[in-house]
Protein chains: 2
Amino acid sequence: MLEIGSKGEYATRAMVYLARRYGRHTTSLTAIADEQRIPRRYLEQLIAELRKAGLIAATRGASGGYTLAKDPAEISLYDIVSVLEGPLMVQDCVENGRNACVFADECAVREVWTDLHQVIYDKLKSVTLKQLADRANQIRKEQNAKYAIYSRYPSEMVN
Amino acid sequence: MLEIGSKGEYATRAMVYLARRYGRHTTSLTAIADEQRIPRRYLEQLIAELRKAGLIAATRGASGGYTLAKDPAEISLYDIVSVLEGPLMVQDCVENGRNACVFADECAVREVWTDLHQVIYDKLKSVTLKQLADRANQIRKEQNAKYAIYSRYPSEMVN
DNA sequence: TTAATTCCTACCAATTTAGTAGGAATTGAA
DNA sequence: TTCAATTCCTACTAAATTGGTAGGAATTAA
């Protein structure tokens with residue numbers, strides 16, 4: 001129930017990856033797919049949707065690639081996930097409003113769906129790509145310190 | 001994205017209906033289906049699952065029917081919906097925990113899914129059938145007062 | 001015995017999910 | 001000019017899920 005599918009998950013990870021590189025050169029699809037262990041051909045479609053939604057900018061041709069179309073602080077998790085998984089709609093009647101609500105039981109239930117909708121929306125809207133990228137970098141640092149003790153996995157630390 | 005399907009919606013409405021009759025005689029499947037405008041044959045399957053989950057008690061044979069198996073105050077919206085739509089699992093790795101989390105980006109993203117998971121769970125778990133039934137009765141009273149002015153729809157007010 | 005009721009199981013069409021695949025268009029560099 | 005890297009566009013597909021429909025057996029009160 002209420003799952004975020006692979007679309008939302010992949011897209012979010014790809015966006016965090018791009019956020020961590022924001023301001024630098026573009027990143028190729030292959031680079032993202034390899035790094036994030038996402039099927040390249042599949043990610044291609046997801047990125048196409050993110051581009052159409054205005055979240056990603058692309059440069060075509062050799063040495064082309066992708067970058068975020070906006071500042072990471074301006075992109076929320078909701079913006080990303082809603083593109084891939086469709087708009088948040090806990091239950092149809094939440095959107096339809098009064099006309100779908102004929103009975104009192106239904107009304108009472110609908111009120112809760114509306115509440116739930118709001119709670120989820122607020123949460124997703126409150127998280128920005130910048131926050132996620134910062135947090136990812138922080139985790140990377142911690143891992144870096146940990147690995148340094150054992151002198152292992154240097155390749156993982158580079159980017 | 002994150003939708004509650006007809007299963008969850010129908011099941012919840014049926015449970016609220018039963019909650020409003022808790023302590024009285026059993027209610028037949030047909031009565032619930034008719035009143036709540038839910039396909040009878042479909043509702044039958046949903047109720048079967050709720051019964052297996054221990055939320056509904058059944059009496060077989062003529063003049064049999066269903067009642068809640070527990071006090072409405074002891075049944076949360078989460079209890080109901082999770083039976084029909086499966087357990088809340090925003091993203092697989094939320095359950096899997098550490099082992100699914102190899103990369104920092106993924107980790108950062110997972111933390112948010114975990115947060116979201118908690119927010120949704122808390123909300124659904126905080127709403128009891130008793131609250132929903134009380135609220136439904138209240139709405140019914142308001143409508144009752146409204147309709148009394150115009151002297152209309154008396155049949156809707158009865159149950 | 002009958003009629004009302006729950007219970008069990010199978011079936012189905014349409015949609016969604018999670019990809020795979022082929023190849024055209026664009027562009028920087030040799 | 002050519003080549004290789006890259007994005008872009010479109011079609012296809014197997015498996016699962018959704019939202020039901022349907023037939024009939026088992027149980028029980030009257």
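Chain A is the first sequence line, chain B the second, and so forth, proteins listed ahead of strands; every chain is numbered from 1.
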Atom CD of Glu3(B) and atom P of dG19(D) are separated, to the nearest Å, by 9 Å
Leu46(A) atom CG is separated from dT7(D) atom C1', nearest whole Å, by 15 Å
Whole-Å distance, Glu49(B) CD to dT6(C) C1', equals 16 Å
Sorted by chain and residue number, the side-chain contact (heavy atoms from CB on, under 4.5 Å) partners of Ser126(A) (sequence neighbours excluded) come out as none
Rounded to whole Å, the NE2-P distance (His25(B) to dT5(C)) equals 12 Å
Heavy-atom contacts, protein to nucleotides 20-30 of chain C, under 4.0 Å, summarised as B (base), S (sugar-phosphate only) or - (none) per nt, yield BBBB-BBBS--
Taken to the nearest whole Å, CD/Glu9(B) to C1'/dT18(D) is 15 Å
For Gln131(A), the side chain to side chain donor-acceptor pair (under 3.5 Å) test, sequence neighbours excluded, returns none
Exercise. So, is Tyr10(B) near the phosphate of dG19(D), with a side-chain N or O under 4.0 Å from OP1 or OP2?
Worked result: no
Here the salt bridge (charged side-chain N to carboxylate O under 4.0 Å, His left out) pairs for residues 118-130 of chain B, sequence neighbours left out, are Asp115(A)-Lys123(B), Asp79(B)-Lys125(B), Lys130(B)-Asp134(B)
In whole angstroms, the gap separating P of dG20(D) from CG of Leu29(B) amounts to 15 Å
On a heavy-atom basis, the closest approach of Ala19(A) and Leu68(A) is CA-CD1, 3.6 Å
To the nearest angstrom, the CE-C1' distance between Met1(B) and dT16(C) comes to 17 Å
| Under 4.5 Å between side-chain heavy atoms, hopping through other hydrophobics if needed: is there a path connecting Val119(B) to Trp113(B)? | no
By side chain to side chain donor-acceptor pair (under 3.5 Å), Arg41(B) pairs with (sequence neighbours left out) Glu44(B)
Sequence neighbours excluded, the answer for ring-ring contact (aromatic ring centres under 6.0 Å, His included) partners of Tyr22(B) is none
- Task: May I ask you to say what Ile47(B) touches in the nucleic acid, namely base, sugar-phosphate or nothing, with a heavy-atom cut-off under 4.0 Å?
- Result: nothing
When rounded to whole Å, the NZ to P distance for the pair Lys7(A) and dG19(C) reads 11 Å
Can you see if the side chain of Arg51(A) gets near the phosphate of dC8(D) - specifically, an N or O under 4.0 Å from OP1 or OP2? yes
